[in-house]
Each structure stands twice: as C-alpha cells, then as structure tokens.
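Owing to the predicted nature of the structure, the values given are computational and were not obtained by experimental measurement. Atoms within a ligand are numbered from 1 in the order they appear, just like the ligands themselves.
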Amino acid sequence: MTNFTSLETTPRLLVVATGNRGKVVEIQEYMADLNLQLQLKPKDLEVEETGKTFLANACLKASEVAKATQKWAIGDDSGLTVDALDGRPGIYSARYAPTVAEQIERVLRELENNPNRQAKFVCALAIARPDGTIALKSEGICCGEILYSPRGNGGFGYDPIFYVPSEEKTFAQMPPDTKRSLSHRGQAFQKLLPQIKEIFL
Ligand code: ITT
C-alpha cells in the first residue's frame, strides 16, 4: 500500500513556542522570506523553564511544544545579563518582577549609580522535530550599556534601558529593522537561517 504521507517530506509549518508578543513580531520578520506557515503555540500550553541556561530553556520550550502539537516548533529563551549585577537578571529576566515597568525599575535600582553599566542581551533559539528531538540550535549576543533612565517607545521588555553605543540609541529608539539586524535575536537567527532553509525549503 502506498504511504502518501511519505511523499510530503519537507515540513511547511512551524509552531512558535512563545507567549511573548514582542518575540512573535520579531520572529515573524526573520522568517518572512521563507514562505513557511507560522502558528502560535496553544495559549494554555505553558512550559516550565527549569533549565540553568538560555540554551537549555530554549530546547525545553521547542521540545515540549513540538511534542504537544506533534509539529515542528521553534523556542526562544532570552534575557538581559548585567555585568555589575553578576549576570542578573539573566535567565530570570521575565520573572525579575511582575510587570515590565517593575523589571526595568528593579535593574535600575540594583545598579544605582554604579559606573559599570556593561550588559549583554542573549538569545538562544532551538528548533524541535515533532517527536521533541532537537534539530537545530544557536545563540546570539548583543553588547551594550544600561542607561540611568529609560529612553524610547519601540520594541519590548528591557529595550528602553539597553543602549547600543555604535548606534547612539537604545533598542527602543531604533527603527525595528536596525534592532533586528544587530540584536541578540538577529545574531542567533543569522546563524540558524541557512540551516532552517536546508530543512524547510
Ligand atoms: P516565552 O517563554 O513564552 O517565550 P518570556 O517573555 O517568558 O516568553 P523568556 O523566558 O525568554 O520569555 O524571557 C525573556 C525576557 O527577556 C523577557 O523579560 C523579555 O522582555 C526580555 N527580552 C528578551 N528579548 C528581548 C528583547 O529583544 N528586547 C527586550 N527585552 C527582551
């Protein structure tokens, strides 16, 4: 008997394993040219972030959502690491305070007037097969400085306090395509896209 499913070998649909709107918008842009159908993860499907690293958590998100939906899935775990705060908030960036405004406030309060404002945004991406095994992963980093007060209205999350000296702007002040090309997520996608194309195109 002919197995018709075996004729369709190239996956065309990818579930985006995030509930963060800001990430969804950016991920859509990175994948815009791929002619892939992106689907949001079911709202009630929460993945517990028990990993100790960004990469471990990105793999967990991709893998759990892939298994639950039986589809290919992409996970993103990212955050801000501040040198003078021993790398905090790091993998706890989303859990640093109940609201984004309070998360920013906490980072600024903990840094006080410390002259060392060096920080990095880190983004780990992972793509899982429908059985939950990891097919691809990558990591990107963007270096910058934490301002003394927020600037700009664009982007999301910690963007208004993350200043990139080469652009003389915070992520929240940059045109979206500038942030997209030099951000941590941009670096991670740059490494991943050629491999994504091999699987999906
Ligand atoms: P999912 O787990 O559903 O993807 P999340 O928001 O909980 O959503 P993370 O655990 O990866 O995602 O936490 C990321 C945190 O880092 C969160 O507070 C974001 O606001 C922040 N963050 C990540 N990328 C960012 C970016 O490009 N600009 C500003 N903040 C960012």
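The environment of Y92 atom OH is sparse: at most 12 non-hydrogen atoms of other residues, nucleotides or ligands sit within 6.0 angstrom.
Side-chain atoms of Y96 and E110 form a donor-acceptor pair, as typed in the model, at a separation below 3.5 Å.
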For residues 194-201, dump all side-chain donor-acceptor pairs below 3.5 Å to protein atoms at least two apart in sequence or in another chain.
| unit_1 | atom_1 | unit_2 | atom_2 | d |
| --- | --- | --- | --- | --- |
| Q195 | NE2 | K191 | O | 3.2 |

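With sequence neighbours left out, F189 forms a ring pair (Phe, Tyr, Trp, His ring centres under 6.0 Å) with Y30. Legend: residues meeting ring pair (Phe, Tyr, Trp, His ring centres under 6.0 Å) with Y163, ordered by chain and number and at least two apart, are absent.
A cation-pi contact, defined as under 6.0 Å to the ring centre and within 45° of the axis, is absent between R151 and F162.
Every protein residue with a heavy atom nearer than 4.0 Å to ligand 1 is included here: T18, G19, N20, K23, E49, K61, D76, D77, S78, G79, S93, A94, Q103, F121, F156, G157, Y158, D159, K179, H184, R185.
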